[in-house]
Amino acid sequence: MAAPVRVRMAPSPTGALHVGGVRTALFNWLFARHVGGEFLVRIENTDTSREVQGAVEHALDSLAWLGLDWDRPPTFQLDRIDDCAELAQRLVAEDRAYEDEGAIRYRMPDEGVTAWDDVVKGRIEFPNEELEDLVLVRSDGRPTYNFASPMEDVWDGITHVIRGDDHISNTPKQINLIQAVGADLPVYAHVPNVLATDGKKLSKRHRATGVDELRAAGYLAPALLNFLALLGWAPDGETTLMSRAELIERFDLDRVIKSAAAFDYDKLDWLNGVYLRALPPAEYADALVEYLRTLGNDWPEERIREAAPLVQDKIGRLGEFLAFAGFLFHEVEPDPDLLDRRILEAAAAALEQLEPFEPEPIETALKALCERLELKPRQAFAPIRVAVTGSKVSPGLYESLALLGRGESVARLRRGAAAAAA
RNA sequence: GCCCCCAUCGACUAGCGGCCUAGGUCACCACCCUUUCAAGGUGGCUGCACGGGUUCGAAUCCCGUUGGGGGCACCA
């Protein structure tokens, strides 16, 4: 009977969780869930000098938000410092390793090749003469990554190592170490990296790359997951929309692409919009309220819920709500050049006594106004929109006016009339 | 410099020797719809990096070139 599948993601606590790292985590998680295996989280913190305060909590929070749940409490590489030291001593006793200026080095083979069959890249071979004697334990006693990582994989019973392909050149070193302790080799799957749209390595210079930033911009976790899954993997040539369940159902390591993929924000925006529009109105309002709260926004919840239907079909990211519907929550400062005294005064007069003050009667009244003024709707509505919303772009005009209320709407129209440049 | 990986439209990809005059999605362009912006509908533009092989036949296999990426740490 084959050992149960167990995979892990192993972030180092040196900063916020990056989309590239999350994509790799996602592949691990999808694979584990697909085959009914376990997904573990291990913090690789052997380099204490680079550790960033709060990075661990931050990373776990991002994973949790995405719904990438782990099956055991996260472990810390540094906790195995004694096990590593003990093992290193054993290797020295066996003369497979030796001391060197206080550090312990492993004797890598000088001849032949170290090879493995990578699930995504195919067979990879490294000439052993390229491998230099690896430092296992630093002179201060801390194990190095290339020693601790493969040993932990052995101790934790990791069956599949799914990681970025920047680790390919580490793999032969780790394979030799694992063989040195007589353990079985895991299956390796080196997935391609995620690049920026310009083909360069993704970094802070290119827009948001941290999961926290994407979340703050108003992307939905399921949309982000869907998008990330498609970066380097596709179930076929047609399917683009997949729920979490479908992703799990269809994910297959064998279909992971070999080449690097660029992170396309336009496509993410489109996909997020699809998810946003597909949400039932009540859930959409919930998501919006929740989003604004995590942002620290204190606009009244009831008002947000009332505004939600006006924007659902219009915005692709929840973050756009602030600019798009902000006029419902605060005063506006319209550009005088875009206002028109005659139209605004007429509009104020037409709406002043309107009863009930609802979208349909408002539409009827404004259309009648257009005829009286002998103007096309697009001409007459422009200054009205600007006066009321402060912008040339807004949710539907009738709905916006109705929600704003007669008093405030008329007041803004009058103020606009007074401020009009011409 | 040495080692390793990669190479289909601007982007993500389908394709695993004939079904490909290369399909889908995003972006882009045009038109339609329309109170703005979106959304939606219709149509369109654009691609197998290059050069050699192998084969009756190559985007698909092999070799080379070029280009991109990663590594060569007491970083991960």
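Naming: A, B, ... by sequence-line order, numbering from 1 per chain. Quantities reported herein were computed from a predicted structural model and do not represent experimental measurements.
- Between A/K121 and B/rC5 there is no side-chain N or O to OP1 or OP2 distance below 4.0 Å.
- For B/rC50 and B/rG10, the P atoms lie 13 Å apart once the distance is rounded to whole Å.
- Because its NZ or CZ atom is both nearer than 6.0 Å to the ring centre of A/F27 and within 45° of the ring axis, A/R23 counts as a cation-pi partner of that residue.
- Residue A/R378 places no side-chain N or O under 4.0 Å from the OP1 or OP2 atom of B/rU34.
- In this structure, A/E363 reaches neither bases nor backbone, as no heavy-atom distance under 4.0 Å exists between it and the strands shown.
- To the nearest 0.5 Å, atoms CZ (A/R6) and CG (A/N28) are separated by 13.5 Å.
- Nucleic acid contact class of A/G273 (heavy atoms, under 4.0 Å, all strands): none.
- Rounded to whole Å, the P atom of B/rG68 lies 31 Å from the corresponding atom of B/rC75.
- Taking the C1' atoms as reference points, B/rC56 lies 50 Å from B/rG40, given to the whole Å.
- One finds no salt bridge joining A/D118 and A/K258 here, because no Lys/Arg side-chain nitrogen approaches an Asp/Glu carboxylate oxygen to under 4.0 Å.
- Across all strands, A/R163 comes closer than 4.0 Å to no nucleic acid atom at all (heavy-atom distances).
- The aromatic ring of A/H167 is stacked on the base of B/rA76, with the two ring centres less than 5.5 Å apart and the planes inclined by under 30°.
- Of the C1' atoms belonging to B/rG23 and B/rC62, the separation is 28 Å, rounded to the nearest Å.
- Nucleic acid contact for A/S12: sugar-phosphate only, since backbone atoms but no base atoms lie under 4.0 Å from a heavy atom of the residue.
- For A/A234, taking side-chain heavy atoms from C-beta onward, the closest of the listed nucleotides B/rU13, B/rC3, B/rC74 is B/rU13.
- Ring geometry for A/F263 versus A/F227: interplanar angle over 60°, hence perpendicular rather than tilted (30 to 60°).
- For B/rA76, the OP1/OP2 oxygens have no side-chain nitrogen or oxygen of A/R42 closer than 4.0 Å.
- The C1' atoms of B/rA59 and B/rU13 are separated by 14 Å, rounded to the nearest whole Å.
- Rounded to whole Å, the separation between the P atoms of B/rG15 and B/rC20 comes to 14 Å.
- A salt bridge does not link A/E246 with A/R244: every distance from a Lys NZ or Arg NE/NH1/NH2 to an Asp or Glu carboxylate oxygen is 4.0 Å or more.
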